[in-house]
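Notes follow once the structure below has been shown.
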Amino acid sequence: MERVRLRGGIFHPFLDRYVATNGKRWEIWGGAMPIAPEFPKGISAPAFLAASQSDEFDPITGAQTWMVLWARKLLGVDPYAAETVLRDLLNELSATGIFEVRHSDKGPVWGLPQSRIEFVHVEPHDGVYPPTELRCTLCATAITHPPERFADWIGRPCMRLRCTGTFAAAPSKPTNYYRRLYSSGQIRRVVAAEHTGLLTQKEREHVEHGFKRAGLKLGMDR
Ligand SMILES: [Zn+2]
């Protein structure tokens, strides 16, 4: 679920045709709806979970796919069992409304319903912000979670497949540039994209650099 969230696998009308074609990039690029953001090649595209192979989605089949390797890493099952387990789990989660299942021309596609996305405003207590950032103890991969969920993530396995580390609270920083920036109300659409990991590293660096130089017109802001 966290991987789908981070990769932007959230159902939205802009993505309906993209989902229906099992992740055909044209539907969110040249063939995108006129007011929808475009995802040309080189930019990470929203990734849903798919029952079959797909250019952009995360398939739950195939011995070398992230989903199957993740199930093997955590459960120690073989690839065939992993596929069965993943499918059963996704069907169960869809039946309870945690995931939503749709049907593409190549089979089922699972993603997060919009109604399950929550934006959390983090408030300071006595002038101190509660911790929201966790880092892997081995590779330092960082993830962010709201205070109510923070403790749930401590000790969980790192999401990098070959890393055996676990998440721990990141060392606290005296100030948080981004929190101040977001709180100031000068948020543009590109911030949401940056959070969902939809930008390439080069673009992200460009955007972050742009934010730090206040007033710069950003190329992505359209
Ligand atoms: Zn790690």
Side-chain angles (χ1 to χ4, degrees), residues 1-10 23 42-50 53-83 85-87 89-90 93 98-99 110-112 116-120 122 129-179 182 191-209 211:
M1 199 188 305
E2 178 69 356
R3 179 166 168 93
V4 176
R5 183 183 77 84
L6 290 172
R7 302 192 75 204
I10 300 156
I43 289 185
S44 305
F48 294 82
L49 303 181
Q53 298 300 309
S54 160
D55 288 347
E56 311 296 346
F57 294 172
D58 258 338
I60 63 161
T61 59
Q64 295 305 312
T65 59
W66 191 93
M67 288 296 291
V68 169
L69 291 171
W70 178 253
R72 294 183 68 183
K73 171 179 168 172
L74 263 71
L75 305 174
V77 291
D78 68 47
Y80 295 104
E83 289 177 26
V85 165
L86 286 167
R87 193 179 274 265
L89 178 64
L90 286 167
L93 291 173
I98 292 170
F99 266 89
W110 295 271
L112 298 173
R116 295 201 62 90
I117 303 300
E118 219 177 304
F119 290 84
V120 177
V122 180
Y129 282 99
T132 51
E133 188 184 314
L134 301 115
R135 278 198 216 147
C136 170
T137 49
L138 286 185
C139 72
T141 292
I143 54 168
T144 305
H145 283 280
E148 310 85 76
R149 301 261 190 278
F150 190 78
D152 297 342
W153 280 86
I154 292 174
R156 286 204 185 181
C158 177
M159 291 173 67
R160 288 178 71 174
L161 287 172
R162 280 169 195 83
C163 181
T164 53
T166 53
F167 286 116
S172 56
K173 295 175 208 151
T175 56
N176 187 319
Y177 169 80
Y178 289 102
R179 179 174 290 127
Y182 298 162
V191 175
E194 189 251 338
H195 261 199
T196 50
L198 297 177
L199 303 181
T200 63
Q201 187 178 350
K202 205 173 146 212
E203 280 158 352
R204 199 188 65 236
E205 282 166 6
H206 171 76
V207 167
E208 288 175 355
H209 185 63
F211 271 142

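Remember, it's 1-based here, ligands and their atoms both numbered in the order they're listed. Note that the coordinates shown come from a computational prediction; the quantities given were computed from them, not determined experimentally.
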Legend entry - Minimum side-chain heavy-atom gap Ile10-Pro46 below 4.5 Å: no
Legend entry - Thr65 side chain near Asp58 side chain, heavy-atom distance below 4.5 Å: no
Output side-chain donor-acceptor pairs under 3.5 Å for residues 157-169, partner residues at least two apart or in another chain, one line each.
none

Inset, instruction - Measure the shortest side-chain to side-chain distance between Pro171 and Arg135 over non-hydrogen atoms and say whether it is less than 4.5 angstrom. - result: yes
Legend entry - Flag, side chain of Glu83 to backbone of Gly62, donor-acceptor distance under 3.5 Å: yes
Legend entry - Heavy-atom side-chain proximity of Leu112 to Phe99 below 4.5 angstrom: yes
Inset, instruction - Give the total of protein N/O/S atoms at a distance below 2.8 Å from the Zn ion (ligand 1). - result: 4
